[in-house]
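Some notes on the structure that comes next.
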Amino acid sequence: MRAAVIQFPGSNCDYDVLYVLNKQLGIKADLVWHRYFRHNNYDFAILPGGFSYGDYLRAGAIAAQSPAMRELKEMVNEGKAVLGICNGFQILVESGILPGALLMNDCLTFVCKWVTLQVSSNKSSATTLIQKDKILRMPVAHSEGRYVNEKHGIKELYENEQIIFKYVCNSTDDFNPNGSMENIAGICNLERNVVGLMPHPERASESAISPQCSNDGLMIFESMIEYSKK
Amino acid sequence: MKINLTSNELNQVKILLGREPNIVELGMIDVMWSEHCSYKSSKLELKKIPTKGRRVIVGPGFDSGIVDLGDGDVVAFKIESHNHPSAIDPYNGAATGIGGIIRDILCTNCRPIALLDSLRFGKLEKGHNRWLFQNVIRGIADYGNCCGIPTVAGEIEFDPSFERNCLVNVACSGIGKKENIVLGKMENPGDILVLLGGSTGRDGIHGVTFASKTIDERSEEDRPSVQVGDPFMKKIVIEATLEALSTRYVRGLKDLGGGGLTCALSEMSDKGGVGAEINIDKIHIREADMAPFELMISESQERMLFVIKPEGLNKILKIFDKWEIKYSIIGKVTNTKKVVVKKDKQIIASLPPKILTEVPPIRRKSRKPNYLKKFPKKFELKQKPKNLSQAIYELLMMPTIASKQYIYQQYDHEVGIRTVIRPGEADAAVLRILGKNKAIAMKTDCNSFHTYLDPYYGHAGAVAESIRNIVVTGAEPIAIADCCNFGNPENPEVFWQFKRSIDGLSYMLNGLDIPCIGGNVSFYNEDERTSTAVKPTIVIAALGLIDDLNHITTLGLKESNQAIIIIGKTYNEIGGSQFSIRFNGIGGKVANAKHDREKASMNAVLSSIRKGYITASHDCSKGGLAIALAKMAINGGFGAIVDIKKIPKTSMNPYELLFSESHGRFIVSSRIEDVGKILKICKDNNASVSLIGKTNDEGTIKFSIGKETIANCEIKKMRKCWKNGIQKYIN
């Protein structure tokens, strides 16, 4: 089993994801410079968070034009698992691999806080080991995370069970950190091998660094590994 | 060309040089002799500060101080101001402040892992202050977030003296290996000089001279002196630099900040006792037709000067090419002991580095300020709050005390997966060292309401408070860095404040045996129109080491039916307190921080935490005991009842007991069965201590004198006040 963490100029959660895969899960994972990425060498790939190309133009828009994305599309077509976290999700949307768009948060500022998620579907490469409706705790940290889609696009997401994660209410605080439609936090493609989400599972993979000792994020990476065994 | 040297200084230059400097040299000397680069007014005073300690590897004088964490791990730590640029262009000013401090850490070959911000503004009621406040926060957020360095802690104060001169101080820490430390030095003639990163333009020209004068009506014209940052370029510079350093072909490295290329060349060659020669035609530029002196003093951002072993040059350039980052090979290290600048093969400047780096100090006059005479020494309550419960609610609403969630929610405080304690969870941020059972704790502090009334004890207190804040998380304090912010040093009253402040700070550091490993001085924070200087403010950034992650302690109350214990004695010291400011105005006796009391309390708390007896801990500072306990209740969701008669004290006035800001105090909670053990540890350490109450799940904080209840506050209402204190001014 070999995983690629694709590094774009401006990625900044690359080492964090690498740490979880290598040190916590004992998976062979490489940090791969975007120009050097070749899909044949890997069983699954992760696009980490950050500010690829400084988020200039639109978050993820320039990285979506990287040669790495041609390779990644090959990988997607082969049915291998791909996960986009935060900026990685934005890149997947910008490159058309996932539907919809991610716009400026409705509060108009960057938001970093822990949120509560519900696993809306476990039929995806990132949730195959997680029970449907399970509640997960992990942090978000983004400016452009408000998921939007056209009316029929949202309808299709529901019909095809493509909504994978939703923000849900856990207290009196605003539970949806960005105003996304239908409280969407993460979705998958029709083939269910590509998942993108705004929250950061790599930041919730160890109880030592979680406010409520959550290591819920780990299950997402474990699911990817399990999915890739097939 | 604008020259800021006085005629007296110009004469000194001619004598030292033995000739008239030419125009390029004059430009170079002019920036290096500015207050900002030369520390000419402050350096005689700064010598008093203790800088040595068993963990200190690099002290003041380099880009950042470095301390030893053991097992080969080191931490680089530094704090700097970016006040003047932020007062004119808050977004870019604050952003480039972050940029500068990151480079200081980076060039020691440590990876920057955390940022802290200490901010001071005028009151939020005024639109101008809200504009500064919101844009400074956004500048810090956009820059730090994009670079992938979490902003994990800080502090903020609101006071009219910061209205035209907001203070923006930022600290950064980085983690590295002792064996890999690189310093800002040139040592081997023949080594190649490579300028990496942003192209050089006219932005930031005379940034340091701008920072060395007061703000007046013409300051708007200085807007071009504010550098414009590019956090994306910075992120690339960070990664490319760390990759280049990993080859071990880099012998020296320095960031280009204040004074630009001139500062880097002169300081690096001077430290290694060598010379340097560069060709300015080689520098990659952003604007054509820049005069040579402009190239030499430009403060364009995101630039680093590499000193590279010739045999490794190609390997390093390949790394820069991979990152698609601009660079130019501008010259080499020589044995001439001169900084030589060439253009078209002609020498256009040739100066011994010492003339640039060893600027003669100025002995400034000092005089006790008049304003201190007008304050009443005795505290008299002119305007009594309706009742004590109401006073607590109102204090919680004061922006200086209120929740800072509006700010820290805009900062990515999680990136890097090191953050164990986030903003709001304890008195200091705690970040783990990946792969080890170790962590570092960091916090910045200063109480400018205290320092204004008493610069000496105010700053002794700033040191004590910052250190208490890291101790309560379970950390052993190991070093501090300081950032001085004052008015015009040519004014004897301001210089008196500065001198007394340094004396007070040194007194506390010596007493606690903690070294200062670096600092920064920002003068001329003064509004010329109103001749208002900022309140004297030396922000202390404290660094501590936690040697077992299990010791980490937070401030929220954890359970009902636990003991509430106060450690340290409460004195009749309500002058300059938030209570006094809210209800009485400024005046009275400021809390006197004494090192023996601090040491006793700190040792007692740290031993108790390490033995596992303490379930929650909080330092007692702004707002006194009442606010400290209120925050513990708001955070943990448990209530408490406290008998203030039991507090170790010198006075019986309930206002003083609840709101005095005496130093050396901690409030802790513990399981009932551990109370005796904590009391014994305190006794062994000569710390005053008393069991004053118990936690409960009644949803209120109740203060009593014996059986008589004097204040009863609902946690729900307190939380609302505290959360809205700043938020209500936004939108």
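Reminder, nothing fancy here: chain letters follow the sequence lines and each chain counts from 1. Values in this document were obtained by computation on a predicted structure and should not be read as measured data.
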Examine whether an atom of [X] lies under 4.5 Å from a heavy atom of chain B, and if so say whether it belongs to the side chain, the backbone or both; otherwise answer neither.
| X | answer |
| --- | --- |
| A/P9 | both |
| A/S210 | backbone |
| A/Y53 | both |
| A/S11 | backbone |
| A/P211 | both |
| A/Q24 | neither |

At a 4.5 Å cut-off on heavy atoms, which part of [X] comes close to chain A: side chain, backbone, both, or neither?
| X | value |
| --- | --- |
| B/R138 | neither |
| B/I236 | side chain |
| B/E425 | side chain |
| B/K322 | both |

When heavy-atom pairs shorter than 4.5 Å are enumerated against chain A, which of [options] gives the highest number?
| options | value |
| --- | --- |
| B/D142, B/L549, B/L434, B/L431 | B/L434 |
| B/G416, B/G435, B/A141, B/C147 | B/G416 |
| B/E239, B/M233, B/Q410 | B/Q410 |

Options A/S205, A/G54, A/C13, A/C107, ranked by heavy-atom pairs under 4.5 Å with chain B, top entry: A/G54
Top contributor to chain B contacts, counting heavy-atom pairs under 4.5 Å, from A/A141, A/C112, A/G49: A/C112
Is the count of non-hydrogen atoms from other residues, nucleotides or ligands lying under 6.0 Å from [X] atom [atom1] greater than 12?
| X | atom1 | result |
| --- | --- | --- |
| B/K326 | NZ | no |
| B/K728 | NZ | yes |
| B/K177 | NZ | yes |
| B/K436 | NZ | yes |

Minimal non-hydrogen separation, [X] against [Y], with atom names:
| X | Y | answer |
| --- | --- | --- |
| B/C146 | A/N12 | O-ND2, 3.4 Å |
| B/D230 | A/Y56 | OD1-OH, 2.8 Å |
| B/W323 | A/W33 | CZ3-CZ3, 3.3 Å |
| A/E202 | B/I417 | O-CG2, 3.4 Å |
| B/V415 | A/R203 | CB-NH2, 3.3 Å |

Test log, rule side-chain contact (heavy atoms from CB on, under 4.5 Å), inputs B/K235 and A/F51: CA-CA 9 Å; B/K235 174 67 178 161; A/F51 289 70; over 6 Å; no
Distance in Å, A/K113 NZ paired with B/E414 CD, rounded so as to fall on 0.5 Å steps: 12.5 Å
